[in-house]
Amino acid sequence: MYRPSRSKVSHNSALRSDSHADRNNGSTLIGPIVTLFVIWGFTCCKIGWDSVMRMDANLRDLFLYEAFLYYNPLLLVTMMVWLWGVNLWIFLQSTVSYAKVFDLDQNHLTHKEIWKCSTWMTIIVPTSMTAYLYLYSHGEVSLAASQPVLLYILVAVILIFPFDIFYLSSRYFFLRTLFHIAFPLQPISFPDFFVADILTSMAKVFSDLERSVCRMVNRQVATIAWLEADSVCGSHSVAIPIVLVLPYIWRLLQCLRQYRDTKEKNCLFNALKYSTAVPVIFLSALKYHVLHEKWTTLYRPLWLLSSVINSLYSFYWDITRDWDLRYQIYQFSLSEDC
């Protein structure tokens, strides 16, 4: 019978003790980190509340709306990254090989690394928003206006940063996927379809993002000039329906590309589903470009009709195709009859 040497036994025990010590150190650090996180969150809330209370009551609601507009897209994306980490953790607990499903390489981000990214986003975005409120309420309008601008520039720089830090391979994988979505010139992979499908559910993010960038470009940040120029960056902007419709157009083109590659007729029916969203978006935008009487008598009924068609078609497709609940519904009806 083989018996390991004393040196190997001592080496293995040392490795076990080191790993045990690492786990103990990690668990020991959790308490202080959570405490600091809670203190930081309370500080941001206190400074933000005090800053808002210093503002003129007549402009308070309008300015809060504007501040929320700049930071809402990144706050929603932060929440989405947190939930994506939860998804990966559930996949891991369920022994789902999500790396193969999503066509990821061996260096893909784990749920812990995803949570690390979302933690930094949770710290940076509210801190920038707090600084924006504080500086504006204390009369530093120029510095306040620079806060959301610097934040958006920071996000863009991190995404395209060419050096091997901040998860370079994952960032470039994401950017390549976005390029494939915008230009479906190659066969559609699962990541292309999956990310494009997510983009169709981010209408609020894209709408607020377009308004925010427009106001930054037109130097309307930390001012109420946008109230006087609503046609430029407000509801009258023609860029908003274009931004909203792009994800649906991309999915439509993906479906047509899949039909070309597979000759599956379901791809055409799926493309039809995404095409029904186009009249809903553009008819809704017409409300700000036509006379009120014409909107109520002609375009509003057409908008309602197109909305009903889009909703019913999407609901039917989700039940029968995406979720494939036809068999379960049939079983339920049989059990009810019995």
Side-chain angles (χ1 to χ4, degrees), residues 77 80 83-84 87-88 91 96-105 108 159 169-207 209-210 238-286 299 302-331:
V77 171
M80 186 178 67
L83 294 176
W84 176 241
N87 276 336
L88 295 187
F91 291 155
V96 175
S97 182
Y98 63 87
K100 292 184 179 179
V101 174
F102 294 105
D103 193 21
L104 303 176
D105 57 25
H108 67 274
L159 276 177
S169 61
S170 297
R171 288 188 286 111
Y172 274 35
F173 176 81
F174 177 68
L175 292 176
R176 283 196 304 271
T177 302
L178 292 180
F179 180 81
H180 294 163
I181 292 171
F183 304 98
L185 305 177
Q186 66 290 316
I188 307 302
S189 65
F190 187 84
D192 300 341
F193 140 76
F194 187 75
V195 175
D197 221 30
I198 292 175
L199 295 181
T200 60
S201 302
M202 297 176 65
K204 178 61 176 174
V205 172
F206 289 131
S207 176
L209 187 64
E210 189 278 332
V238 296
I240 291 180
I242 294 175
V243 169
L244 292 179
V245 83
L246 276 177
Y248 296 97
I249 296 297
W250 290 336
R251 280 296 290 131
L252 188 153
L253 295 177
Q254 283 185 340
C255 293
L256 295 178
R257 173 69 200 213
Q258 286 178 304
Y259 174 74
R260 176 189 172 186
D261 295 336
T262 65
K263 303 304 179 183
E264 288 283 341
K265 290 185 178 180
N266 280 338
C267 296
L268 294 179
F269 291 120
N270 200 16
L272 181 62
K273 181 190 75 170
Y274 291 107
S275 68
T276 58
V278 177
V280 177
I281 294 172
F282 282 105
L283 285 173
S284 177
L286 278 179
Y299 293 112
L302 290 177
W303 171 68
L304 291 173
L305 177 62
S306 61
S307 299
V308 170
I309 293 174
N310 173 255
S311 299
L312 291 178
Y313 197 159
S314 300
F315 180 75
Y316 167 79
W317 191 269
D318 289 340
I319 293 295
T320 61
R321 301 294 179 181
D322 289 348
W323 302 338
D324 198 15
L325 297 179
R326 290 169 297 172
Y327 179 68
Q328 286 83 347
I329 294 175
Y330 176 71
Q331 276 193 325

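Residues: numbered from 1 along the sequence shown.
When all heavy atoms are compared, the tightest approach of L283 to S306 is CD1-OG, 3.8 Å. Taking all atoms of both residues into account, the shortest heavy-atom contact from W317 to N266 is CH2-O, 3.4 Å. R251 approaches T200 most closely through the heavy-atom pair CG-CG2, 3.8 Å. Here the closest non-hydrogen pair linking C255 and N270 is SG-ND2, 3.5 Å. Considering all non-hydrogen atoms of both residues, I281 and V245 come closest at CD1-CA, 3.8 Å. Contact detail for T262 and C267: the closest heavy-atom pair is OG1-SG, 3.9 Å.
When side chains are defined from C-beta on, H180 counts as touching Q186, because their heavy atoms get closer than 4.5 Å. Side-chain contact check for M80 versus L83: every heavy-atom pair is 4.5 Å or farther apart.
Taking the ring axis of F206 as reference, the NZ or CZ atom of K204 does not stay both within 45° of it and closer than 6.0 Å to the ring centre.
S284 pairs by the side-chain contact (heavy atoms from CB on, under 4.5 Å) definition with W303, not counting sequence neighbours. Checked against side chain to side chain donor-acceptor pair (under 3.5 Å), R257 has the following partners two or more places apart in sequence or in another chain: D261. By the side chain to side chain donor-acceptor pair (under 3.5 Å) test, S189 is found to be paired with D192, residues two or more places apart in sequence or in another chain being considered.
Classification of the F190-F194 ring pair by plane angle, with boundaries at 30° and 60°, yields parallel. Using bins of under 30°, 30° to 60° and over 60° for the plane-to-plane angle, the ring pair Y274/Y248 lands in the tilted bin.
Atom CZ of F174 sits about 15.0 Å away from atom CZ of F179, to the nearest 0.5 Å. Atom CD of residue E210 and atom CG of residue L246 lie 11.0 Å apart, to the nearest 0.5 angstrom. Residue I188 holds its CD1 atom at 11.0 Å from CZ of F193, rounded to the nearest 0.5 Å. How far OG of S275 is from CG of N310: 9.0 Å, rounded to the nearest 0.5 Å. Atom-to-atom distance recorded for R260:CZ and L253:CG is 12.5 Å, nearest 0.5 angstrom. Once rounded to the nearest 0.5 Å, the distance linking CG of L244 with CZ of F282 reads 9.0 Å.
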Steps toward side-chain contact (heavy atoms from CB on, under 4.5 Å) verdict (Y259, F269): CA-CA 10 Å; Y259 174 74; F269 291 120; over 6 Å; no

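S207 places no side-chain N or O within 3.5 Å of a backbone atom of A203 that could act as its donor or acceptor partner.
The environment of Y172 atom OH is dense: over 12 non-hydrogen atoms of other residues, nucleotides or ligands sit within 6.0 angstrom.
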